[in-house]
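Numbers restart at 1 for each chain; the letters A, B, ... are given by sequence-line order, proteins then strands.
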Amino acid sequence: MAPYFALVDVNNFYVSCERVFNPRLEGVPVVVLSNNDGCVVARSNEAKALGIPMGAPWFQLRDLARRHRVRTLSSNYELYGDMSARVVAILRDFAPDIEVYSIDESFLDVAPVQARHGGGTALGQALRRRIRQWTGLPVCVGLAPTKTLAKLANHLAKRHPEFDGVCDWGALSAQEQSAWMGRVGVGEIWGVGRRLTGQLQALGMRSVRDLCLAGRAFLQARFSVVLARVADELRGTSCLDLEAMAEPRQQIIVSRSFGRPVTALAELQEALAMHAARAAEKLRAQRSVAALVLVSLHARPFRTGERFERAFALPEPTDDTRLLTGAVLAGAGRLFRAGCAYRKAGLLLSGLSARDLCQQDLFDRGAGARERAARLMAVMDRINRTYGPDTLRSAASGLERPWHMRSGHRSPRYTTCWEELPVVS
DNA sequence: TCTGGGGTCCTAGGACCC
DNA sequence: TCTGGGGTCCTAGGACCC
C-alpha cells in the first residue's frame, strides 16, 4: 500500500506548552527566548501580529516588548521535551509508523488506518481532539501523498481558518490544489530557504505553482538534485520515505554561550568538562563511540569575535566521559589565549561508530579496564536518570559555575520535577 | 552591553589508487 | 610538438531544517 503522510505539528509549540500550565498567558503576546535569553525562538500569534520576528536578538526588542506588555519566558527544555514525548505517545496510538521529525513535528503513515476513522480529515480531527484533551496542546494536521505536500497542507491548515486545523490535500479537487499553490509563496516550501527563494524569484518563480511548472532537468542543472526532488514531491511523486527507525547520529555537538564573558582558562575548562559529559551521555545513549573531538572557542564580540577550533584524535574510539573530558581539557589549554574574552565554548564529536563493532588495537591489553569503565559509565547514567542530571558528575565541571547561561524567566518544570509540580489552590 | 543550539545532505575539489 | 582514463575517499563549504 502506498503511504499517505500526515504531518502533525504543534502550534507555537514552546508558547503553547507554557500556556497549558499558565492560562494567564492565553490571549496575550508571549515570546520564549533561546538559551542565555539571547533571541526569540517562539512567539504566540499575538506576538507575531506585533511584528516580532523569529530569531531576533532580544535586546533589540526589549522596548517594543515593554510597550506592548509582551510576556517573556526563558526556554524550559525539560518541560518542552516531556510534553513532546506525551504527544508522540498519543500519535503512536493512532498510527504505528511514525517519524519524529523534531520536538514539535511528526510524520505518520496513515494509509493503513485512515479508512477506520472515516477518511483523512476525520482522522486529523480525531488526532486534534485527543491531543488537546490529553495534553492541552493545539495541533494542526496536513495530509498528502508526499511529505512535501503534507508540509504544504499543514501550512494551509495553520493559516486558513476554513480548514479548521486539518487539510487533506488528496480531498481537494485539482482546481482547488492549483489555486492554493498559486496563493502560497515559493519561500514557504519545505526545502526552499532564503537563498533559494531569492534565486527562484529572480527567475520569475514566485509561487509554489511556478516551481511545480518548472522542468525537472532545468531545476537539477540550474540548482541541484535536492530542488528537483522538491518539485517532484510537489507534483505528487514521493521521493522522501518515512524514516521510522531513527539512525544513530553521525556527529554530536554540545555548545553553550556563557552568561558573561569568560577570560580564565579554568572557567573555560569547567564549561567544556560539563559539555563533554553531556556529549558522552548522548554518545552512550545511541551506543556509539567517537574517534575525533573538535573543540571550539568563540571570542567576543558577537559579530567580529574570532573563532578558534581544532580537532583532536582520541587515542582510541571511546564513550568514556573521563577520556573525553581529558582530551577536551587538553585541547582547550592549547587553544586558549590569555587576554581574550570568550562568549561561547563547545565541542563536536565525530568519527562515530557502533560501540559493539569497534576495531580494537592488535596488541590491546585493556579489555578488562574497558569492561570496568563501561560498567562505571552505565552506573553513572542510571543514577543521573533516576535522581536528575548532574547528580553524579566530574569535579572538573565545577561547583559554582558562575559562567552559566542566563535563564532569568524560566517557568517551573511542572511535569518532571517534584519540587516544581503545579499547585491548585 | 546585549545575538541559540542543535542537526542533515549535496557538491566540488584534491589526494590517491590502478 | 607531444602527456589517459577510469575510480574512491575525504574535507570544506554551502544550503537547508527545527
Side-chain angles (χ1 to χ4, degrees), chain A residues 7-14 31-43 52-63 65 72 74-77 80-81 84 99-107 147-148 151 154-155 186-200 219-230 233 239-241 243 246-261 271 275 278-279 282 286 291-292 294 296 298-305 307 309 311 341 343-352 405-408:
Chain A
L7 176 66
V8 184
D9 171 313
V10 184
N11 307 346
N12 311 328
F13 180 53
Y14 296 171
V31 299
V32 176
L33 303 180
S34 65
N35 275 337
N36 223 19
D37 293 344
C39 51
V40 175
V41 291
R43 307 156 295 159
I52 296 176
M54 182 70 167
W58 181 237
F59 72 90
Q60 292 173 357
L61 293 168
R62 207 168 279 148
D63 285 343
T72 311
S74 304
S75 290
N76 184 348
Y77 286 105
Y80 311 150
S84 175
E99 171 185 345
V100 179
Y101 178 69
S102 76
I103 194 166
D104 71 328
E105 277 178 53
S106 292
F107 287 101
K147 282 170 133 182
T148 306
K151 284 285 262 188
N154 186 281
H155 174 90
V186 76
E188 304 293 340
I189 299 170
W190 189 44
V192 178
R194 259 209 346 250
R195 197 81 176 216
L196 278 174
T197 302
Q199 294 175 16
L200 289 169
L219 290 177
Q220 177 151 359
R222 178 72 171 70
F223 295 94
S224 70
V225 67
V226 183
L227 190 63
R229 269 202 301 250
V230 168
E233 284 243 319
C239 306
L240 305 171
D241 294 332
E243 286 164 30
E247 291 292 310
R249 302 273 181 229
Q250 298 170 37
Q251 56 180 43
I252 289 171
I253 300 175
V254 179
S255 69
R256 291 283 181 283
S257 301
F258 298 120
R260 57 152 169 78
H275 300 343
R278 277 262 58 219
K282 291 189 191 184
Q286 64 168 30
L292 220 63
L294 181 111
S296 70
H298 299 248
R300 282 159 40 95
F302 177 79
R303 201 176 290 283
T304 55
R307 183 164 130 196
E309 57 183 26
R343 46 172 259 266
K344 177 175 178 178
L347 60 101
L348 180 151
L349 301 180
S350 64
L352 306 193
M405 70 181 184
R406 287 185 295 264
S407 182

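Counting non-hydrogen atoms under 4.0 angstrom, Leu33(A) reaches nothing in the nucleic acid. Using a 4.0 Å heavy-atom distance criterion, Asp104(A) is classed as a sugar-phosphate-only contact. Residue contacts for Ile252(A): at a heavy-atom cut-off of 4.0 Å it reaches the sugar-phosphate backbone alone, with no base atom in range. At the heavy-atom level, Trp190(A) lies under 4.0 Å from the strands shown only through sugar-phosphate atoms. Residue contacts shown for Asn36(A) are absent, as no nucleic acid heavy atom lies under 4.0 Å away. Note on Arg278(A): nothing from the nucleic acid sits closer than 4.0 angstrom, heavy atoms only. Among the heavy atoms of the strands lying under 4.0 Å from Gln251(A) is at least one base atom, whether or not backbone atoms are also near. If you check every strand for non-hydrogen atoms under 4.0 Å, Ile189(A) touches sugar and phosphate atoms only. Using a 4.0 Å heavy-atom cutoff across all strands shown, Arg260(A) reaches no nucleic acid atom at all.
Taking the six-membered ring where tryptophan is involved, the planes of Tyr80(A) and Tyr14(A) are essentially parallel, since the angle between them stays under 30° and well short of 60°.
At least one side-chain heavy atom of Trp190(A) sits under 4.5 Å from a side-chain heavy atom of Lys147(A). Looking only at side-chain heavy atoms (C-beta outward), Asn35(A) and Tyr77(A) come within less than 4.5 Å of each other.
Between Ser255(A) and Val226(A), the one whose closest nucleotide on DNA chain B sits nearer the 5' end is Ser255(A). Between Phe223(A) and Gln60(A), the residue anchored closer to the 5' end of DNA chain B is Gln60(A), taking for each the nucleotide with the nearest heavy atom.
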Residues Lys151(A), Phe107(A); criterion side-chain contact (heavy atoms from CB on, under 4.5 Å); working and verdict: CA-CA 9 Å; Lys151(A) 284 285 262 188; Phe107(A) 287 101; 4.2 Å; yes
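Chain A approaches DNA chain B over the interval dC2(B) to dT11(B), counting the first and last nucleotide 5' to 3' with an atom under 4.0 Å from its heavy atoms.
With a 6.0 Å radius and a threshold of 12 heavy atoms from other residues, nucleotides or ligands, Arg260(A) has its CZ atom above the threshold.
For dC18(B), the paired nucleotide is dG5(C), the pair qualifying as Watson-Crick or G-U wobble because both relevant distances are below 3.5 Å.
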